[in-house]
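Here the structure is laid out as structure tokens; the discussion comes afterwards.
Keep in mind the model is a prediction, meaning the values are calculated, not measured. Numbering of ligands and ligand atoms starts at 1, following listing order.
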Amino acid sequence: MKVAIIEGIRPTLMPEGPQIEREILGAGIGVNWYGLIKSEEYTSVLRDLDAVIVRPGTPFSKEMVLSLKKARVIVSLGVGYDHISIDTSREKGIPVCNVPDYGTEEVADSTVTMVLAHQRKIFLFNCHSSCDSDFINWDWRIFKPITRSRQMRVGIIGLGRIGTAVALRLKAFGYEIVFYDPYIPRGVEKSLGLKRFHQKELLLNTADIVSVHTPLTEETRGMIDERFLELMKPRAILINTARGGIFKNADILFNHLKNYLEFRVGSDVWPEEPPINHHPLLDVWKNREPWLGDRLILCPHSAFYSDEAIREIRAFAAEIVLTVLSGGKPYNVVNGVNS
Ligand code: NAD
């Protein structure tokens with residue numbers, strides 16, 4: 001049997017080659033590893049494959065799906081699956097699966113780090129003490145006020161895997177945790193000891209820190225818009241470690257940070273990734289302009305990363321392939337095909 005891993009052109013997740021996948025799949029299954037496959041190679045490469053693993057961001061088009069003649073599963077090497085032609089694979093009866101939970105702890109840790117760094121003004125103190133002057137400024141009073149975490153309310157939008165992990169971590173620090181998620185069953189708030197809001201507006205109005213953990217869907221695309229920001233407290237902290245498309249665009253962030261000089265943002269994502277197009281907010285952030293200061297923490301979609309998380313994505317993807325090729329049912333199917 002033959003499996004192809006198609007990784008695309010971004011820095012590889014498997015610098016040592018597909019050893020983890022080969023170990024899991026065993027000697028009876030050949031593994032070939034590709035960057036991109038050229039259109040003239042579709043027939044020769046894809047025809048005989050029994051399974052394909054494709055990394056998000058690497059298109060697996062309709063033509064590619066149609067070139068598969070015996071494949072029994074296509075696995076996305078990550079959460080997203082919009083790079084795979086879902087309709088065509090459904091029509092052909094090939095299940096498409098994803099790996100949705102590899103970085104839950106890491107994203108939660110990154111989120112909490114952003115919350116604490118902003119709330120405790122860590123970057124501001126670090127920079128003020130060392131960067132801005134000829135002498136070391138050893139005065140803690142310069143950035144008053146700072147509020148105690150037990151006096152602050154965190155509003156979580158989307159209480160799924162990551163939202164819950166964030167809630168539990170921040171609860172341990174003493175924050176009051178409220179959440180808005182219309183899709184989870186009644187009573188979750190009781191089992192987790194959190195406060196549930198049925199109106200997002202109420203959460204935005206009253207939270208000191210808002211952290212977004214929804215998927216990117218038709219409903220959440222552009223959810224963080226002018227109105228969303230205007231509903232927040234002027235000195236609030238907004239965290240988005242979910243998806244860049246949940247921001248309406250970068251202009252609204254720029255304008256809000258400019259209009260509200262105590263407002264803070266922590267983001268692991270950007271409306272366009274990687275941000276190849278120039279945007280004034282990126283310039284201001286890069287140039288460390290004083291009016292923005294430390295109020296924008298921006299990371300390059302790195303919240304998921306740990307060596308263990310990378311190993312987990314790769315191992316889970318290979319395990320799905322092995323299950324299907326051994327005659328088992330696929331799991332984490334995202335296109336409704338469950339053969
Ligand atoms: P999940 O599916 O477990 O949870 C998402 C939750 O959002 C669900 O409980 C769902 O009911 C809720 N939800 C959906 N639409 C909503 C809406 N309109 N309003 C409020 N709640 C809504 O997903 P997850 O694994 O927790 O991932 C959360 C987000 O983090 C996703 O966007 C995912 O793509 C992203 N993510 C980011 C990274 C990273 O490196 N930055 C890594 C992994 C996942």
- Query: Within a reach of under 6.0 Å around CD of Glu289, are more than 12 heavy atoms found that belong to other residues, nucleotides or ligands?
  - Reply: yes
- Could you walk me through whether Val337 and Val96 pass the side chain to side chain contact (heavy atoms under 4.5 Å, CB included) test, one step at a time? CA-CA 7 Å; Val337 179; Val96 175; over 6 Å; no
Checking the side chain of [X] only, and the main-chain atoms of [Y] only, is there a donor and an acceptor separated by less than 3.5 Å?
| X | Y | result |
| --- | --- | --- |
| His256 | Phe263 | no |
| Arg22 | Val31 | yes |
| Asn98 | Tyr81 | no |

Which atoms of ligand 1 sit under 4.0 Å from any heavy atom of [X]?
| X | answer |
| --- | --- |
| Ile184 | 9 (O) |
| Val107 | 38 (C), 39 (C), 42 (C), 43 (C) |
| Thr241 | 37 (C), 38 (C), 39 (C), 41 (N) |
| His213 | 5 (C), 6 (C), 7 (O), 28 (C), 29 (C) |
| Leu159 | 9 (O) |
| Pro182 | 19 (N), 20 (C), 21 (N) |
| Arg243 | 32 (O), 34 (O), 35 (C), 36 (N), 37 (C) |
| Phe304 | 40 (O), 42 (C) |

- Message: Hydrogens and angles aside, do Thr111 and Thr241 bring a side-chain donor and acceptor to less than 3.5 Å of each other?
- Response: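 Their side chains do contain a donor-acceptor pair, which is all the 3.5 Å distance test asks for.
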Among all protein non-hydrogen atoms, which one is nearest to [atom], and what is the separation to 0.1 Å?
| atom | answer |
| --- | --- |
| atom 1 (P) of ligand 1 | Arg161 NH2, 3.7 Å |
| atom 4 (O) of ligand 1 | Gly160 CA, 3.2 Å |
| atom 44 (C) of ligand 1 | Ile162 CD1, 3.6 Å |

Nearest heavy atom to [atom] wins, so pick from [options].
| atom | options | answer |
| --- | --- | --- |
| atom 14 (C) of ligand 1 | Gly158, Ser110, Pro215, Ala242 | Pro215 |
| atom 12 (C) of ligand 1 | Asp181, Asp101, Thr217 | Asp181 |
| atom 32 (O) of ligand 1 | Asp268, Leu216, Ile157, Thr214 | Thr214 |
| atom 16 (C) of ligand 1 | Tyr183, Tyr180, Phe179 | Tyr183 |

- Task: State, to 0.1 Å, how close Met223 and Val212 come at their nearest heavy-atom pair, and which atoms those are.
- Result: CE-CG1, 3.8 Å
- Message: Ignoring hydrogens, what is the shortest heavy-atom contact between Asp101 and Glu312? Give both atom names and the distance.
- Response: O-OE1, 3.8 Å
- Item | All side-chain hydrogen bond (donor to acceptor under 3.5 Å, both in side chains) counterparts of Gln119, not counting sequence neighbours | Tyr175
- Message: Tell me whether Thr220 has any N or O atom under 3.5 angstrom from an N or O of ligand 1.
- Response: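 No, there is no polar N/O contact under 3.5 Å.
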- Query: After noting the C-alpha distance and the side-chain angles of Arg227 and Asp225, does the key distance pass the salt bridge (charged side-chain N to carboxylate O under 4.0 Å, His left out) rule?
  - Reply: CA-CA 6 Å; Arg227 181 166 177 274; Asp225 58 7; over 6 Å; no
